[in-house]
Each structure stands twice: as C-alpha cells, then as structure tokens.
Engineer: 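My structure is below; once you've seen it, I'll send some questions.
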Amino acid sequence: MAQAKINAKANEGRFCRSSSMADRSSRLLESLDQLELRVEALREAATAVEQEKEILLEMIHSIQNSQDMRQISDGEREELNLTANRLMGRTLTVEVSVETIRNPQQQESLKHATRIIDEVVSKFLDDLGNAKSHLMSLYSACSSEVPPGPVDQKFQSIVIGCALEDQKKIKRRLETLLRNIENSDKAIKLLEHSKGAGSKTLQQNAEGKF
C-alpha cells in the first residue's frame with residue numbers, strides 16, 4: 001500500500017513536469033508565430049521603401065528629360081537640373097536591401113530571365129518599336145490577367161521557375177521599362193510636332209516676305 005502511494009506520487013510529479021513543459025512549448029511557439037508576422041511585416045515595409053525609391057528616381061529622371069525642360073531658358077534649365085540632381089543624390093543615400101531566399105533552380109531561372117530582359121534593352125537604340133513589342137510580350141507573360149497581345153511562352157515558363165518575390169520584381173522592372181519607352185515616344189512626338197510647327201512658321205514668314 002505504501003509502495004502504491006509512492007508510485008502514484010512519482011507519476012503525479014512526472015505528469016506535472018510534462019504539463020509544464022507542454023505549456024512552455026506552447027507559449028514559445030505562440031511567441032515565434034507572432035514574431036513571424038512581424039518579420040513578414042518588416043520585409044513588406046522594406047520592399048515598399050525599395051519600390052518607393054525606384055519610383056522617385058524614375059520620376060526625377062522623367063522630369064529631367066521632359067519636353068517642358070526643353071522649352072525653358074538655359075539658366076532655368078540649369079537651376080532645375082541642379083535641384084533634380086540634389087534630390088536624386090539624396091534619394092540614392094537611402095539603402096534598402098531585401099534578400100530573397102532561392103534554391104539553385106530559382107537562382108538559375110532569375111539569371112535567365114534577367115539575361116533575356118537585358119538583351120531586349122540593349123536593342124532599344126537599334127529598333128525601339130520592335131523592342132517595345134518584345135517587352136510587351138514579356139510583360140504579358142508575367143500578368144495573371146488575360147493579356148491584350150501575344151505572350152512569350154518561353155519567358156513565362158522561366159519566370160514561373162523564379163521565386164515569388166523575384167517574379168514581382170521582374171514584372172515591376174518590365175512595367176518601368178515600358179513606361180520609359182512610352183515617355184520617350186511622347187517626348188519624340190512632341191519634339192517632332194514642335195519642329196514641324198516651327199518649320200511651318202518659318203515657311204509662312206518666308207512666304208510673307210515675298
């Protein structure tokens with residue numbers, strides 16, 4: 001009878017210790033779950049800052065190369081460029097880096113996708129129209145919606161092999177490149193229109209003299 005009580009007491013002690021360990025484990029797991037949410041929020045916030053930096057640099061560059069900048073005096077243009085360069089310099093002082101964890105296959109897919117985009121970009125000066133069409137097919141390959149034009153199926157399979165964060169970055173880069181081309185097209189058309197209007201005015205003035 002005494003031995004039974006001793007065994008019961010010992011078992012009770014083991015049960016209490018096990019219960020206590022389970023509680024600690026549960027609390028630790030809950031803490032880690034909460035920290036995981038904060039870690040992901042941190043990465044999202046850093047990614048947002050990274051994107052904002054890219055947008056700001058693009059906007060400053062766009063202003064510097066805008067048609068309005070070409071239609072002001074040299075002195076005003078120089079002053080505005082100094083301000084733009086100062087803002088660009090301050091923007092570049094913000095260093096944000098969100099590393100993406102990749103396996104070897106994802107790393108190779110990213111290199112392949114980047115190489116394809118770089119090859120298209122290198123052909124901008126030779127054939128802007130064809131480069132734009134090619135970029136559109138690459139962008140359509142990254143879109144989850146029904147694309148309005150052709151899709152580069154080979155590029156799509158490569159992008160699918162990339163990490164999810166890299167897929168988003170590839171799509172953002174293509175969006176930026178297409179916007180830059182669109183802005184370049186507008187600037188060229190405005191410049192041609194300006195030249196055409198100027199030539200017409202000169203011609204009218206010349207005809208008026210005779």
Engineer: Mind checking whether Ile55 and Met59 have side chains closer than 4.5 Å, heavy atoms only?
Structural biologist: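 Of all side-chain heavy-atom pairs linking Met59 with Ile55, at least one is under 4.5 Å.
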Engineer: Determine, step by step, whether Phe155 and Ser137 satisfy the side chain to side chain contact (heavy atoms under 4.5 Å, CB included) criterion, reporting the C-alpha distance in whole Å, the side-chain angles of both residues, the deciding distance to 0.1 Å, and the verdict.
Structural biologist: CA-CA 9 Å; Phe155 185 74; Ser137 68; over 6 Å; no
Engineer: Do Leu178 and Glu175 come close enough that some side-chain heavy atom pair is under 4.5 Å?
Structural biologist: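 Leu178 vs Glu175: side chains apart.
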Engineer: Nearest heavy-atom pair of Glu99 and Glu165: which atoms, and what distance?
Structural biologist: O-OE1, 4.2 Å
Engineer: Any idea which heavy atoms bring Val94 and Lys53 closest together, and the distance?
Structural biologist: O-NZ, 2.7 Å
Engineer: For a 4.5 angstrom cut-off between non-hydrogen side-chain atoms, does Gln106 reach Asp166?
Structural biologist: no
Engineer: What pair of heavy atoms forms the shortest contact from Val151 to Ser140, and how long is it?
Structural biologist: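 For Val151 and Ser140, the tightest heavy-atom pair comes out as CG2-CB, 3.9 Å.
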Engineer: Quick one: does Leu177's side chain get under 4.5 Å of Ile117's, heavy atoms only?
Structural biologist: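 Yes, at least one pair of side-chain atoms sits under 4.5 Å.
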Engineer: Applying side chain to side chain contact (heavy atoms under 4.5 Å, CB included), run through Thr100 and Lys169 and close with a yes or a no.
Structural biologist: CA-CA 11 Å; Thr100 300; Lys169 288 182 179 180; 4.1 Å; yes
Engineer: Would you compute the distance between atom CD1 of Ile170 and atom CG of Leu110 and round it to the nearest 0.5 angstrom?
Structural biologist: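 Interatomic distance, Ile170 CD1 to Leu110 CG, rounded to 0.5 Å: 5.5 Å.
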Engineer: Please report the closest heavy-atom contact between Ile158 and Ser109, naming both atoms and the distance.
Structural biologist: CG2-O, 3.4 Å
Engineer: With salt bridge (charged side-chain N to carboxylate O under 4.0 Å, His left out) as the criterion, how do Asp118 and Arg115 come out once you've worked through the C-alpha distance, each side chain's angles and the decisive distance to 0.1 Å?
Structural biologist: CA-CA 5 Å; Asp118 289 342; Arg115 185 164 59 248; over 6 Å; no
Engineer: Any chance you could measure Leu138, atom CG, to Arg173, atom CZ, to the nearest 0.5 Å?
Structural biologist: 10.5 Å
Engineer: Are a donor atom and an acceptor atom from the side chains of Glu76 and Ser73 found within less than 3.5 Å of each other?
Structural biologist: yes
